[in-house]
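Let me begin by presenting the structure, written as structure tokens, before commenting on it.
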Amino acid sequence: MNRLSSLFLSVAFLFLSAWLGFVVYSYLELGRMKPLEGSDGVLPPQLSGQAILGARVYAANGCVTCHSQQVRQTSVTHSDIERNWGKRPSVARDYLRDQTAFLGMMRIGPDLSNVGVRLSNPRWHYQHLYEPATVVAGSTMPSYRYLFRLQKIQGQPSAEAISLVGNHAPQEGYEVVPTQEAKNLVAYLLSLQHDYTLPEVSPENASTH
Amino acid sequence: MNQDSMLSQAQAMSNLYEPAPLHTVMRSEIDSSLRLPLLLLVRTSTFWLVMGSFLALLSAVKLVIPSFLDGISLFTYGRIFPVACDLLVYGWATPAGLAISLWFMARLCGTRLHYTKVLVSAALLWNAGIFLSSLALLCGYSTSVELLEYPAWGSFLLFIAFLLMGIWVILLFATRQPRSLYLSQWYFLTAICSFPWAYATANMLLVWGHIQGSAQGPIHFWYISNLFGLWITPLALGMAFYLIPKITGASINSYYLGIVGFFSLLLFAAWSGMTFLLGGPVPAWMVSASIVATTLLALPMAALLVNFFKMLQGKETMLVKSPVLRFTYVGILFFIISMVLVMIHAIPCFNAILHFTDYTAGLLVSLLIGFFGMTLFGALYYIMPRLTGVAWFSTQLILRHFWMITVGVGLMVFSSLLGGMVEGIALNDPVIAFINVLSYAAPWRWLMVIAWLLIFLGSISFIRLLILMRWQMIEESIPLVSCSTASNS
């Protein structure tokens with residue numbers, strides 16, 4: 001074997017060692033993880049069709065750029081749990097149902113793993129998405145008013161219309177209603193509830209993995 | 001123009017250290033065979049650099065003034081920021097690095113390029129892919145997998161185009177004339193082989209097909225560490241190992257250290273990714289392995305630095321004379337900074353504070369624009385006059401380019417390091433409401449706006465230099481394709 005081919009083999013070996021360790025192992029082990037059948041149904045719970053569509057709106061607008069979806073283990077930091085972002089650390093099984101796991105690298109905004117538990121009112125979410133600063137003073141979140149529609153009030157005002165005051169209020173005789181995309185997105189956000197207990201992790205022994 | 005004469009003097013000096021006069025005829029033949037595809041790649045990638053840094057500037061502004069261009073789907077932060085990152089990585093760094101490795105490989109192997117048309121078509125395909133995918137992202141077709149945001153058809157197009165371009169680096173190597181093997185060739189070949197493997201693996205499992213969500217985290221961050229550790233970094237190191245001996249005239253100080261540096265970098269960089277998921281939903285052994293690997297990156301760093309600084313010993317004054325050398329060594333300086341930042345980030349108690357803050361953004365900018373970018377610019381200042389036969393138009397613009405980028409990236413590192421610490425400490429104190437954490441971050445984010453502005457203006461200076469060079473080529477009627485190449489391709 002000459003010098004060149006031994007060089008190439010060693011390069012390939014070093015590169016592929018990590019590929020085997022991280023990719024193939026994940027593929028074989030984590031990729032075949034199964035949901036659990038408990039007394040209180042299947043865990044993690046199935047997502048509704050609307051929530052699955054909402055995850056696509058979440059992806060399309062790059063929410064993951066600012067919002068993570070992972071509660072870190074208490075062996076690393078307690079702050080995620082103390083901030084009420086979750087009762088227990090996230091584990092791989094929590095992401096079983098996700099087409100894309102939006103783990104995230106930045107927290108320009110708060111973590112959203114359990115936003116459906118924290119903020120369970122859809123009207124709050126509509127208002128917040130339309131004009132974040134009116135709901136959370138000082139928020140730097142952009143407005144997603146392009147997910148809403150301005151329409152003329154015909155007869156009775158729509159039950160879905162969001163209540164707006166001051167500068168943001170629409171002109172007389174008009175109302176702002178969420179589009180189907182906004183409804184799907186909110187359905188997805190409300191579905192983010194990882195507060196069930198899995199055998200590999202529970203609030204009591206949060207630091208075990 | 002005193003400085004102009006200094007520049008040409010430095011270029012003349014570097015000419016002294018070209019391999020041998022024996023190859024003079026062939027060198028010009030190699031250059032003319034590469035001229036059209038390389039100029040295409042260099043110009044289009046520089047265009048994407050300008051666009052990418054402009055969008056990064058725009059998103060930095062939106063972070064401090066949220067009402068700026070607010071409520072428009074095309075300009076929402078979550079769309080333009082990924083577009084900016086992808087333009088910098090895939091629009092600029094990837095094709096530019098590929099162009100440089102083609103040229104260095106042709107020179108080191110003493111072979112000319114055949115079938116220029118294939119390379120030109122692949123370069124056009126690549127740029128079409130970048131343009132269409134960026135538009136798709138702005139219109140809301142993102143996959144939202146960081147650094148793999150392009151829709152499936154876009155990344156597939158890029159993958160095919162990359163194979164059609166990268167294969168030439170390997171073919172040039174396979175038909176090489178001098179049978180010796182240089183350290184920079186090792187780096188280029190490793191980079192060219194590992195990128196498509198990593199890109200295809202990650203896309204296959206995360207974009208083209210979707211593996212179960214529970215397995216996506218490790219694969220995703222494995223890809224990101226490969227992208228920076230086994231594509232961007234080896235490319236820049238390959239350039240540095242070519243340029244520095246060429247210009248200082250010193251040979252590589254210790255071949256043994258070169259080998260140690262090469263193999264240990266490869267191993268540790270490949271295993272380093274999971275520190276970005278420290279405490280996250282991945283098996284604990286993966287994180288531990290990555291912490292160890294990242295910490296051990298100190299070994300290749302030390303081995304590489306000994307060589308880089310031994311080659312400069314006694315020739316420090318050349319840093320003033322030669323812009324190529326100055327850019328390259330500032331690149332190496334940012335290499336040290338990036339490596340130190342990566343290692344700090346891997347230590348669990350620091351990671352708990354620094355991760356999820358602007359610190360990560362500073363780290364990526366330091367590595368991509370500080371280290372890779374500065375080395376790349378150094379290589380371009382060396383290559384372009386040889387490729388086109390036209391000297392750089394203005395040393396003034398080169399100096400402006402140098403200082404804008406250096407100060408810009410330096411400011412970015414400074415503000416993200418301190419800002420990241422302040423944000424992280426605030427985030428780790430649950431007494432401080434999240435909304436108040438933002439006010440701690442705000443002053444540092446203003447500094448980042450200035451940093452991006454400087455990087456953007458620096459890129460403008462460089463593209464102006466390229467345009468001036470093009471005019472000069474038209475005036476002197478230098479053909480893009482020489483007759484011999486046209487008949488052969």
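No experiment lies behind these values; they were computed from the predicted model shown. Numbers restart at 1 for each chain; the letters A, B, ... are given by sequence-line order, proteins then strands.
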Using non-hydrogen atoms and a 4.5 Å limit, figure out which bit of [X] sits close to chain B: side chain, backbone, both or neither.
{"X": "A:A12", "value": "neither"}
{"X": "A:F13", "value": "neither"}
{"X": "A:Y144", "value": "side chain"}

Side chain to side chain contact (heavy atoms under 4.5 Å, CB included) against A:T179, all qualifying residues, sequence neighbours excluded: A:L147, A:R149, A:E181, A:A182

Heavy-atom pairs under 4.5 Å with chain A, option from B:W186, B:F81, B:W222 with the top count: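 When all of B:W186, B:F81, B:W222 are compared, B:W222 has the most.
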
Taking B:A441, B:G140, B:A270, B:S73 one by one, which has the highest count of heavy-atom pairs under 4.5 Å against chain A? B:S73

I'd like to check A:F15 versus B:N226 (side-chain heavy atoms, cut-off strictly below 4.5 Å). Are they in contact?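 Touching, per the 4.5 Å side-chain cut-off.
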
Is chain A contacted by the side chain of [X], its backbone, both, or neither, given a heavy-atom distance below 4.5 Å?
{"X": "B:S194", "answer": "both"}
{"X": "B:F434", "answer": "both"}
{"X": "B:L278", "answer": "both"}
{"X": "B:A202", "answer": "neither"}
{"X": "B:Y359", "answer": "neither"}

Neighbourhood of chain B inside residues 46-64 of chain A, taking heavy atoms under 4.5 Å as contact: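 When heavy atoms of chain B are the reference, residues 46-64 of chain A contributes A:Y58, A:A59, A:A60, A:N61, A:G62, A:V64 within the under-4.5 Å range.
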
Given 3.5 Å as the limit, does a donor-acceptor pair link the side chain of A:E29 with the main chain of A:S26, or not? no

I'd like to verify something: which residue of A:R97, A:E82, A:R93, A:E131 has the highest number of heavy-atom pairs under 4.5 Å with chain B? A:E82

A:F148 CZ to A:R145 CZ distance, which is reported to the nearest 0.5 Å: 11.0 Å

Identify every side-chain donor-acceptor pair in residues 106-117 of chain A under 3.5 Å, counting partners at least two apart or on other chains, and give the distances.
from   : atom 1 : to     : atom 2 : distance (Å)
A:R107 : NE     : A:S68  : OG     : 2.7
A:R107 : NH1    : A:D80  : OD1    : 3.0
A:R107 : NH1    : A:D80  : OD2    : 3.4
A:R107 : NH2    : A:Q70  : O      : 2.7
A:R107 : NH2    : A:D80  : OD2    : 3.3
A:R107 : NH2    : A:D111 : OD2    : 3.3
A:D111 : OD1    : A:S113 : N      : 2.9
A:D111 : OD1    : A:S113 : OG     : 2.3
A:D111 : OD2    : A:S68  : OG     : 2.6
A:D111 : OD2    : A:Q70  : N      : 2.9
A:S113 : OG     : A:Q70  : N      : 3.2
A:N114 : OD1    : A:H194 : N      : 2.7
A:N114 : ND2    : A:W85  : O      : 2.9

For residues 132-141 of chain A, which residue pairs qualify under salt bridge (charged side-chain N to carboxylate O under 4.0 Å, His left out), counting only residues two or more places apart or in two chains?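 Of all non-adjacent pairs touching residues 132-141 of chain A, none passes salt bridge (charged side-chain N to carboxylate O under 4.0 Å, His left out).
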
A:E160/A:K183 salt bridge by N-O under 4.0 Å criterion: yes

Positive for side chain to side chain donor-acceptor pair (under 3.5 Å) with A:R88, one of A:T74, A:T197, A:D94: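 One option only clears the test, and that one is A:D94.
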
